[in-house]
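Note that the coordinates shown come from a computational prediction; the quantities given were computed from them, not determined experimentally. The basis for the numbers below is simple: all heavy atoms, side chains too, and nothing from hydrogens, waters or symmetry mates.
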Protein chains: 2
Amino acid sequence: MRRMTARPANAHQARLLRLLRDGGPNSRAQLGDQVDLSRSKLAVEVDRLLETGLVVADGLAASRGGRRSHNIRLAPGLRFLGVDIGATSIDVAVTNAELEILGHINQPMDVREGPVAVFEQVLSMAAKLKASGLAEGFDGAGIGVPGPVRFPEGVPVAPPIMPGWDGFPVREALSQELGCPVMVDNDVNLMAMGEQHAGVARSVGDFLCVKIGTGIGCGIVVGGEVYRGTTGSAGDIGHILAVPDGRPCACGNRGCLEAYFSGAALARDATEAAQQGLSAELASRLEAGGGLSAVDVAAAAAAGDATALDLIREGGNRTGQVIAGLVSFFNPGLVVIGGGVTGLGHTLLAAIRTQVYRQSLPLATGNLPIVLCELGPTAGVIGGARLISDHLFSPA
Amino acid sequence: MRRMTARPANAHQARLLRLLRDGGPNSRAQLGDQVDLSRSKLAVEVDRLLETGLVVADGLAASRGGRRSHNIRLAPGLRFLGVDIGATSIDVAVTNAELEILGHINQPMDVREGPVAVFEQVLSMAAKLKASGLAEGFDGAGIGVPGPVRFPEGVPVAPPIMPGWDGFPVREALSQELGCPVMVDNDVNLMAMGEQHAGVARSVGDFLCVKIGTGIGCGIVVGGEVYRGTTGSAGDIGHILAVPDGRPCACGNRGCLEAYFSGAALARDATEAAQQGLSAELASRLEAGGGLSAVDVAAAAAAGDATALDLIREGGNRTGQVIAGLVSFFNPGLVVIGGGVTGLGHTLLAAIRTQVYRQSLPLATGNLPIVLCELGPTAGVIGGARLISDHLFSPA
DNA sequence: GAGACTTTCTCCACTGGGAGGACAAAGAGG
DNA sequence: CCTCTTTGTCCTCCCAGTGGAGAAAGTCTC
């Protein structure tokens with residue numbers, strides 16, 4: 001199959017493509033209800049889109065009391081690739097043009113092995129998805145990496161946990177390999193876009209999406225658009241001061257949030273607690289697995305282990321304190337908590353909520369939902385697909 | 001003179017009006033260089049603007065090597081009113097359509113006396129400006145109040161330091177009294193707009209504007225637009241936690257930034273220090289004035305008083321810590337420090353800079369200027385004029 | 001000071017896109 | 001089978017915008 005070559009010629013076409021992406025197949029008449037164009041104009045634009053092959057006719061719609069209308073849908077052969085490179089694993093998924101996941105693979109991989117090794121892995125995962133018959137090729141790909149990105153160029157800049165990636169032309173390299181347009185963004189921003197598209201943030205204009213994984217980051221959405229900051233490092237809240245003169249952090253400072261709570265910090269604290277004999281549950285898990293991770297803590301907490309619960313609660317308190325500050329500053333309409341430690345679930349959420357509701361002013365918290373991420377590991381890949389589709393579905 | 005009744009009929013006209021506002025008188029040809037319209041189209045739109053009376057011909061421009069062109073400028077009779085209601089004083093200014101200040105009055109007034117008394121004062125100040133011949137009437141007014149505002153309606157919501165103002169229809173009431181369109185916003189946002197229009201932030205898209213006055217607030221500008229948050233309380237950073245389990249704050253919590261540094265806190269700390277005999281300088285000022293304010297501290301510091309300098313430094317450190325967090329989160333291109341305590345000047349600035357540059361990550365601070373406000377007390381009123389002119393110079 | 005060259009401004013004919021009505025097609029319902 | 005509704009197509013009219021031609025008003029060189 002020929003890959004997507006055409007692009008919408010004007011803002012109207014772009015608008016229509018996005019409506020079809022977000023609302024699925026639609027009749028001309030239904031589209032007309034949403035876009036405020038004259039029938040003739042709409043017909044012309046739809047015809048042009050049909051010509052380009054971006055959309056196709058798709059049978060007849062149900063009658064609304066008169067003549068049945070012909071449905072229009074995005075070309076069913078379009079395929080987007082969503083790639084979410086985490087610190088310790090990689091998610092790759094194929095979606096159709098409506099951003100529905102057709103296939104999803106996850107594989108462990110340490111991002112510190114460097115861009116070349118990681119890309120090899122990503123490409124082999126993409127090939128696997130292709131081989132399973134889900135796609136004959138990709139029309140675009142959206143990639144998330146766990147660090148700041150100079151967005152227009154798609155290049156990581158000074159990523160603390162990704163040595164060897166600084167300045168690597170991710171966008172260009174991957175675009176070459178995959179033979180399709182590629183956009184690169186921070187993994188947290190992708191998660192935010194995913195939740196915005198298909199998750200809890202669907203109808204919210206301004207929200208924060210806090211991702212607690214190996215590190216801690218925060219996606220910022222302003223007026224429906226991801227805000228990336230002047231140098232692309234907006235949302236990097238892991239190194240906000242949580243405890244004055246506190247623990248040393250890998251970044252060289254003391255008392256950073258990440259030094260107290262993150263996948264890494266939690267694993268370390270749990271190991272320590274186990275070794276000190278504070279928790280039989282954790283100790284047995286340490287012995288069994290040879291090490292502890294956030295997942296073990298979550299399991300121990302689920303089993304009712306007091307030490308694990310304390311660890312989670314304390315971390316949640318610190319995180320909540322920082323989030324409370326952000327809520328005062330940013331006054332979002334929603335806060336989403338996600339990332340690898342969502343397994344910690346409601347214990348964590350309760351601790352965060354307590355802090356935020358206690359510390360921020362009533363005007364900011366009065367109607368502020370703080371909720372867990374809805375999509376889990378698929379948020380990132382859906383966000384990736386969304387990122388590239390937003391790019392492709394805009395006027396050339 | 002007839003007041004401004006017409007409004008730009010389309011986006012092109014609005015664009016032209018803003019260009020004339022920001023760039024002053026311009027020839028048709030110069031305008032043409034900036035707007036990317038065909039000559040004829042431009043001529044048509046300009047003619048229409050001339051018809052409405054919003055712009056007028058203004059003599060001949062200098063030759064650029066050929067026929068001299070006729071200059072166009074905004075109607076010289078247009079007058080905007082900028083009002084900045086602070087916690088303890090009111091600033092009112094008239095500007096022309098280019099937002100140049102023609103007259104500016106400041107008067108002390110406690111905002112807690114309530115909206116009715118304050119409005120009386122504002123109206124009498126406006127009348128005074130009119131009487132001095134600077135304006136025959138006002139075409140629009142922009143008002144800043146020291147608390148959160150529901151922006152679309154122009155109504156203060158739950159303002160902590162303005163009892164009696166909650167829900168008062170500021171916009172409507174003032175519009176009625178002045179007989180012109182009115183827009184209401186938070187005073188900090190106005191300051192940010194002022195600095196953006198005529199101050200240090202002229203060419204920066206994303207920046208923060210921290211105002212340290214009686215309280216502490218922060219204007220947030222994203223992509224050239226003020227960001228107000230979901231309920232209009234964005235930037236309310238005075239009650240961010242600065243010291244865990246610290247001093248009690250008026251808001252009911254402990255350790256808020258405002259409890260440690262603001263005009264009020266500074267005055268209190270200075271008085272305490274004077275009474276404890278820590279500083280002869282401050283003590284003599286306390287005796288002379290019957291009380292101490294931030295201004296006294298500034299004067300004492302300027303005179304080299306060690307205690308005053310310490311107070312400023314410590315406050316700057318706390319403020320800097322909070323700002324450091326915001327910088328990590330928001331990754332602005334500029335941070336402006338302003339407000340009543342700017343008199344504290346470079347001691348304060350140095351302390352803030354030290355904290356931010358030390359605590360935030362290099363990527364965010366690498367090219368981040370942290371500067372003092374350039375416009376001082378005029379920032380607010382210019383921002384007010386800018387607010388209403390932005391409103392009036394947009395398509396109806 | 002005359003002529004050549006530039007720039008600005010106005011006028012005008014042409015073009016192309018869009019609006020909206022008329023009409024045909026297709027179905028629902030009685 | 002007839003009427004009413006909805007959808008889709010076609011066609012004409014209108015108008016805004018483009019861009020060229022040329023006049024007006026300068027500057028600059030010789």
Side-chain angles (χ1 to χ4, degrees), chain A residues 6-17 19-20 23-75 394-396, chain B residues 6-20 23-74 394-396:
Chain A
R7 289 278 291 276
N10 58 42
H12 297 311
Q13 292 185 13
R15 178 88 197 283
L16 292 172
L17 290 174
L19 280 174
L20 290 172
N26 251 302
S27 71
R28 281 166 149 89
Q30 282 174 311
L31 289 174
D33 293 344
Q34 300 175 68
V35 294
D36 192 42
L37 290 175
S38 73
R39 282 197 310 279
S40 17
K41 172 75 172 155
L42 177 67
V44 168
E45 298 297 358
V46 169
D47 283 346
R48 282 186 193 149
L49 285 175
L50 284 167
E51 263 175 43
T52 65
L54 283 174
V55 308
V56 299
D58 181 47
L60 292 170
S63 165
R64 291 200 289 183
R67 172 175 172 175
R68 295 173 63 190
S69 70
H70 295 263
N71 260 349
I72 301 292
R73 62 171 299 178
L74 290 168
S394 33
Chain B
R7 290 279 291 277
N10 58 43
H12 298 311
Q13 294 185 13
R15 178 87 197 282
L16 292 172
L17 290 175
R18 290 179 192 209
L19 281 173
L20 290 171
N26 251 300
S27 71
R28 282 167 150 88
Q30 283 173 310
L31 289 174
D33 293 344
Q34 300 174 69
V35 294
D36 192 42
L37 292 175
S38 73
R39 284 194 312 278
S40 12
K41 171 77 173 153
L42 176 67
V44 169
E45 298 297 357
V46 170
D47 284 344
R48 282 184 194 151
L49 285 174
L50 284 168
E51 263 176 45
T52 65
L54 283 174
V55 308
V56 298
D58 182 44
L60 292 171
S63 165
R64 289 201 288 184
R67 172 175 173 176
R68 295 174 64 190
S69 69
H70 294 265
N71 259 348
I72 301 293
R73 61 172 299 182
L74 290 168
S394 31

Nucleotide C:dC9, atom C1' - distance to CD of B:E45 in whole Å: 17 Å
Nucleotide nearest A:A29 (side chain, heavy atoms from C-beta), chosen from C:dT8, D:dG8, D:dA21: D:dG8
Checking only heavy atoms, does the side chain of A:R67 share a donor-acceptor pair with the base of D:dT7 at less than 3.5 Å? yes
When the distance from NE2 of A:H70 to C1' of D:dT6 is rounded to whole Å, what number comes out? 12 Å
Qualifying residue for side-chain contact (heavy atoms from CB on, under 4.5 Å) with B:L16, from B:L42, B:L54, B:L74, B:V55: B:L42
Just how far is it from atom NE2 of B:H12 to atom CG of B:L31, taken to the nearest 0.5 Å? 13.5 Å
Rounding to an integer number of Å, can you tell me how far B:L42 CG sits from D:dG17 P? 12 Å
Between A:R28 (CZ) and D:dT6 (P), how many Å, whole number? 19 Å
Is the shortest side-chain N/O distance from B:S38 to OP1 or OP2 of D:dT18 below 4.0 Å? yes
B:R68 CZ to C:dC5 P, in whole Å, measures 24 Å
Calculate the interatomic distance between A:Q30 atom CD and D:dT6 atom P; express it in whole Å. 14 Å
Separation of atom CD in A:Q13 from atom P in C:dG18, rounded to whole Å: 11 Å
To the nearest 0.5 Å, what is the distance between NE2 on B:H70 and CG on B:L50? 11.5 Å
Which part of the nucleic acid, if any, lies within reach of B:S40 when heavy atoms closer than 4.0 Å are counted: base, sugar-phosphate only, or nothing? base
Between D:dT7 (C1') and A:L60 (CG): distance, integer Å: 11 Å
Rounded to the nearest 0.5 Å, what's the gap from CG on B:D33 to CG on B:N26? Could you check? 9.0 Å
